[in-house]
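Nothing fancy with the numbering, it's 1 onward along the sequence. Below, all heavy atoms of this structure are taken into account, side chains as well, without hydrogens, waters or symmetry copies. Note that the structure is predicted; figures quoted are calculated from it, not measured.
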Amino acid sequence: MGLQGDEETGTKVKSSLFRYNSPLVQVSLIGLVCFCCPGMFNALSGMGGGGQVDPTAANNANTALYTTFAIFGILGGGIYNILGPRATLFAGCSTYILYAGSFLYYNHIPKQGFVVAAGGLLGVGAGLLWAGQGAIMTSYPPANRKGTYISLFWSIFNMGGVIGGLIPFALNYHRGDVAASVNDGTYIGFMIFMTIGTILALGILHPSRVIRNDGSKCTNIKYSSVSVEFVEIAKLFLNWKMLLMFPAAWARYIMDFSFKSRRVRGLVGIGVVALLGTGIWVGGLVNQLGYSRHDKPTRLDFKDSGSDFAGPFVLYFSYGLLDAMFQSMVYWVIGALADDSETLSRYTGFYKGVQSAGAAVAWQIDSHNVSFLSQLIANWGMTTLSYPLLAVLVLLAVKEDNTIEEGTSKDGDFPPASNKAVSIDDTNGGLSKST
């Protein structure tokens with residue numbers, strides 16, 4: 001393999017994509033960590049009621065979860081800067097194991113206390129995990145490939161939900177009506193994956209040890225301090241860039257390769273997501289008009305429902321697609337606001353904290369029996385409001401790239417996207433990150 005280097009420092013590194021301290025390997029590794037932990041959590045939540053007949057315990061646990069997540073999501077970036085990735089991610093991942101274990105406990109002793117407490121602790125852990133994940137995903141890659149790395153992470157992470165969904169499907173397939181609450185093996189399977197993810201978190205390198213192919217490091221700062229992080233996090237609440245992201249937090253390739261101008265790429269990406277998202281929300285409205293909270297539809301089973309299952313399945317799949325697109329879009333915008341790990345860990349932590357506050361409110365709204373249609377309209381409205389605000393943020397805060405000549409690969413771990421000039425920005429880099 002050839003060697004590339006930083007002109008100022010003279011540092012030379014092998015240009016292999018698969019160096020352990022390369023951004024590609026580290027982003028892939030955090031993808032696997034999230035595959036095993038929040039990916040399995042998504043599968044657990046996707047069963048409805050945590051796999052229990054009565055969803056009350058799961059709903060109360062989710063309220064506790066997102067309440068603490070709102071706090072520690074905002075604080076998580078500072079904690080990450082103080083403790084570093086390994087301790088932060090290990091602590092965060094371990095709470096996922098406890099949460100899955102609490103439902104195993106509930107299968108035998110149906111008392112809510114442990115489940116709700118585990119939900120609250122998971123909110124703390126998730127805040128730490130996602131702040132660290134966001135810093136890694138947005139600051140480790142080269143500026144002109146952040147969108148690609150975000151897509152890579154999101155693909156690996158979401159496969160966790162897919163594989164995790166197969167666990168209860170396989171273990172409860174032949175149980176019929178008896179399988180109203182999933183069996184113990186389902187929760188044990190989730191816990192095994194989550195344990196693997198917790199161990200993998202110990203393999204994440206500190207940003208000062210991650211070296212891009214041009215020899216540049218993600219940061220030169222080893223560790224921050226409590227006083228510095230307290231001040232910097234407090235400033236986020238007065239940062240107009242963060243305030244413009246509130247609606248997006250409450251409701252995300254194009255972003256790397258479509259146009260030379262970074263601002264144009266951002267605006268086109270927002271436009272595409274807005275267009276597709278509106279179509280999906282329209283489909284959701286059409287489906288929602290067919291039933292209400294007081295007139296719920298018959299439960300569907302894919303084995304017996306025939307074509308009646310197809311429409312809701314496609315709609316559910318589309319909402320998952322919209323979530324991935326929307327989150328990727330938001331992380332791209334966040335990543336374009338800065339290029340250093342310390343700042344981006346705070347930005348992404350702030351975003352996840354505000355997002356989780358919205359989720360906590362949403363769970364309580366549902367528990368108070370607000371109509372399904374009202375909830376859909378509120379979600380759709382907040383999402384739609386986020387698009388023009390993100391566009392304003394791109395126009396005012398995202399700086400244009402510097403253009404480098406054909407054949408050079410400065411700041412790039414992947415080869416250039418085409419045989420034309422490649423655009424990068426060494427000072428105010430390209431993309432960002434996101435439970």
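- Considering all non-hydrogen atoms of both residues, V33 and A201 come closest at CG2-N, 3.8 Å.
- Side-chain N/O atoms of H206 and S208 include a donor and acceptor closer than 3.5 Å.
- A 4.5 Å side-chain heavy-atom check between T95 and V124 finds every atom pair outside the cut-off.
- In F317, the CZ atom is not crowded: 12 or fewer heavy atoms of neighbouring residues, nucleotides or ligands sit closer than 6.0 Å.
- Side-chain atoms of Y96 do not come within 3.5 Å of backbone N or O of T198 as any donor-acceptor pair.
- Between F313 and F309, the ring planes lie parallel to each other; the angle is under 30°, not in the 30° to 60° tilted range.
- Using a distance-only test at 3.5 Å, with no hydrogens or angles considered, a donor-acceptor pair links the side chain of R293 to the main chain of V370.
- Aromatic ring centres of Y149 and Y140: separated by at least 6.0 Å.
- Across all non-hydrogen atoms, the minimal contact from L44 to A100 is CD2-CA, 4.3 Å.
- Within the 4.5 Å cutoff, the side chain of W380 has heavy atoms near those of the V282 side chain.
- With contacts defined as side-chain heavy-atom distances shorter than 4.5 Å, the pair Y66/V361 does not qualify.
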Ignoring hydrogens and angles, write down the donor-acceptor pairs under 3.5 Å from the side chains of residues 266-278, residues two or more places apart or on other chains.
{"residue": "T278", "atom": "OG1", "partner": "A274", "partner atom": "O", "Å": "2.7"}

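- In terms of modelled atom types and a separation under 3.5 Å, the side chain of D295 and the main chain of Y291 share no donor-acceptor contact.
- Using a 4.5 Å cut-off on side-chain heavy atoms (C-beta onward), L285 and L373 make contact.
- Annotation for A43 and G161: closest pair CB-O, 3.9 Å, computed over non-hydrogen atoms.
- A donor-acceptor pair under 3.5 Å is absent between the side-chain atoms of R346 and the main chain of G78, judged by distance alone.
- Distance check: L75 CG to T68 OG1 gives 11.0 Å after rounding to the nearest 0.5 Å.
- Summarising the local packing, OH of Y319 is surrounded by more than 12 heavy atoms from other residues, nucleotides or ligands at distances under 6.0 Å.
- No donor-acceptor pair closer than 3.5 Å links the side chain of N287 to the backbone N or O of G283.
- Once rounded to the nearest 0.5 Å, the distance linking CG of L122 with CZ of F69 reads 8.5 Å.
- With a 4.5 Å cut-off on side-chain heavy atoms, F114 and L98 count as touching.
- One finds the OH atom of Y105 at 14.5 Å from the OH atom of Y187 (value rounded to the nearest 0.5 Å).
- To the nearest 0.5 Å, atoms OG1 (T348) and CD (Q355) are separated by 11.5 Å.
- The minimum heavy-atom distance linking A397 with L337 is given by the pair CB-CD2, 3.7 Å.
- Counting only heavy atoms from C-beta outward, the side chains of L104 and F190 never approach each other to under 4.5 Å.
- Counting non-hydrogen atoms of neighbouring residues, nucleotides and ligands closer than 6.0 angstrom, the NE2 atom of H368 reaches no more than 12 such neighbours.
- Contact detail for Y80 and G132: the closest heavy-atom pair is CD1-CA, 3.5 Å.
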For this session: List the steps, then state whether side-chain contact (heavy atoms from CB on, under 4.5 Å) holds for L89 with I30.
Result: CA-CA 9 Å; L89 296 174; I30 190 64; 3.8 Å; yes
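- Ring-plane geometry between F157 and W154 is classed as perpendicular, the angle between the planes exceeding 60 degrees on a 0 to 90 degree scale with a lower cut at 30.
- Contact of the L24 side chain with the L152 side chain is registered, since non-hydrogen atoms from C-beta on lie closer than 4.5 Å.
- With sequence neighbours excluded, the residues satisfying side-chain hydrogen bond (donor to acceptor under 3.5 Å, both in side chains) with S374 are S371.
- Ring geometry for Y99 versus F41: interplanar angle of 30 to 60°, hence tilted.
- Of all the heavy atoms in I211 and R19, the pair that sits closest is O-NH2, 2.9 Å.
- With a 4.5 Å cut-off on side-chain heavy atoms, T195 and I199 count as touching.
- With Q26 contributing its side chain and I136 its backbone, the two residues share no donor-acceptor pair below 3.5 Å.
- Side-chain N/O atoms of N183 and T186 include a donor and acceptor closer than 3.5 Å.
- The CG atom of L390 sits 9.5 Å away from atom CG of L385, with the distance rounded to the nearest 0.5 Å.
- Atom CE of residue M40 and atom CD1 of residue I97 lie 12.5 Å apart, to the nearest 0.5 angstrom.
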